[in-house]
Amino acid sequence: MRKSRLAGLAALSLILTTSAAAQGGADGIKLQIRPVRGNLYMIDDVKGKDSNAGGNVGALVGDDGVILVDAMVAGAGQKIPATLATLTDRPVRFVINTHPHPDHFGGLGVFAPTAIIIAHPNNFRAVSALDDATGKSAAPKAAWPNLLVAGAMTLHRNGEVVDIRHYPRAHTSGDLVVFFRNANAVQLGDTYFAGMFPFVDDGHYDGVVALMEDVLARSNADTLFIPGHGPMTGRAEYAAMLAMLKDARAAVADAIARGATVKQLMADARLMARLEPWSHGYIDTEAFLSRLYAAGGQA
Amino acid sequence: MIYHQLALVGALLAPSIAMGQPAPADMPVMQRVQLAPGLIVLSLPDTGNGNVALFYGPDGTLLGDGGTKDIDAALVAAIAAAGAPPPRYIVNTHWHGDHSGGNKAFAERGALVLAHDNVREKLANAGDWYGTPYDAEPPAAHPALTWTDGITLRMNGEELRIFHPGAGHTAGDSILFWPNANVIQMGDTFNTVGTPFIDIRSGGGAKGLRTVLDHALSLSNGATRVIPGHGPIAAQSDLIDRRAMLDTAITAVEAGITAQRSLAAITADRPLAKWISADNEADMRRFLRDVYRSISGDMTAS
């Protein structure tokens, strides 16, 4: 595992934690604004890779009010308004939640009083379901999404055209991807970890591949790709991720067809060397191959 | 009350085409029918304005359609009389001006306009409606939030489903379904005055209309109240009857086309006799003609 691939390690570890962890304080979190293009910005923590603030936030600003994409963990979400205030004096009107993990929805409650919270119906089910043990929902009721979209929808605000699309079974069963047509940027939530092995929760690698192929088909050489964690990238980096994923899945499918075990597959030194650069603190190469193998390789 | 199709056509004119409008001094008072707590139908019968659903509660007010632009004062007064806050959302069941005419005024007072993608496409561009040119609507009237298939709004204790089952009356039809109140708002995919109107030039079609009715029926039961685009509140049995009439027309037209028979020959068979009365004979002939035009693609058939 290369230390430089540790981007988002702390944040990624939050994915599988309870919402209690997502209530973590804002100590040490210092948010920064990165221009994307036009009136679109990305907000993340200055600590970047070592941050526990949560996933990247997109912010489209203008006279019609702010459209946010994701809201970090609760503690970090509380810091977003002050950060936005350096860009605009308009209120947040919409928050699009890419998926129901607490490092992306934890801060929604900050904006719920004035904003429409947009999510997939499966996202709503996930955050509103009562836990058998605690009797509590993952998100407080006031922060549950109130506009649910199962297919595709579009916001025409601030001179921008924002297309919101669901892709079935990718990172989760409730992923939304957000396209900013004029800014020529796409925000991918955790279906994209920049430079790092993808992680699948209740989705499937088939869905990740289908999503990536569709997003690539909708993009061009100038499109900017905003990942759930890690730095914004260009199209080449995104295409390289898909090529790596296909390469690894083909190797796994071949191993399964030959009757080889996952251990025998990992003895392929050249494959391991090709994949190693994508390794990160949460999923190293062996863990990635084990997950692909368990998922059945190529569909 | 029989609403002849020609009268309806006048009401259906594109939104930028002005209609005769009442002066504020003689502002009409909208009729109201309460369907559930916080859900009222507002209407101005015989004026060509579509029915308006007023849905309100702690999460704010939503209008299902907004009539023509000429009834703004009457609508605002009716909303206030109900004790509802100013609308936060206005939904268009389709682009016609007797349903979307209120967009601009309510948007300028802070409402968000919601509709199918096609409604924005139609309102944002100039066009020609059966030979009558019309201008694009001003930007404030354009839906700011649009869908391809639909959305669900969680508000006021409901999970209000707003969705596009198919292109029936127009290519941009949406219907609204309040599951708890057990109410469906159909827009002009279902009217209780006049004969069904398939706006083929706006992308509507007979088979798409049947699909819309089937979706509405799949959501309904014997206790469902149905808000038509125009006319009095209806029940599931009325949807079933309308679906049967439409299906009869489609079946007759398809069989006729297969047998290479003309529209005149199909009409002479009187396949819709069960639904024809002295009042509506001409309109029903026009309806069968539109089903034929929609299925054959021959817009000159008459």
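Per chain, numbering begins at 1; letters A, B, ... match sequence-line order.
To the nearest 0.5 angstrom, A:Ile116 atom CD1 is 7.0 Å from B:Leu114 atom CG. Atom CE of residue A:Met153 and atom OG1 of residue B:Thr146 lie 7.5 Å apart, to the nearest 0.5 angstrom. To the nearest 0.5 Å, the span separating OG1 on A:Thr154 from CZ on B:Arg120 amounts to 9.0 Å. The distance from atom CD1 of A:Ile118 to atom CG of B:Leu145, rounded to the nearest 0.5 Å, is 6.0 Å.
Shown here is A:Asp63, whose CG atom has no more than 12 heavy atoms of other residues, nucleotides or ligands within 6.0 Å. Residue-environment remark: CZ (B:Arg201) stays at or below the threshold of 12 foreign heavy atoms within 6.0 Å.
Residue B:Arg161 does not touch chain A at all, counting heavy-atom pairs closer than 4.5 Å. Proximity to chain B (any heavy atom under 4.5 Å) is shown, for A:Pro121, by neither the backbone nor the side chain. Contact of B:Leu112 with chain A is made through the side chain alone, with heavy-atom distances under 4.5 Å.
Contact between B:Pro143 and A:His156 at its shortest, heavy atoms only, is O-CD2, 3.9 Å.
Contacts with chain A (heavy atom to heavy atom, under 4.5 Å) involve no residue of residues 53-66 of chain B.
No donor-acceptor distance shorter than 3.5 angstrom exists from the side chain of B:Arg154 to the backbone of A:Leu147, with no hydrogens or angles considered.
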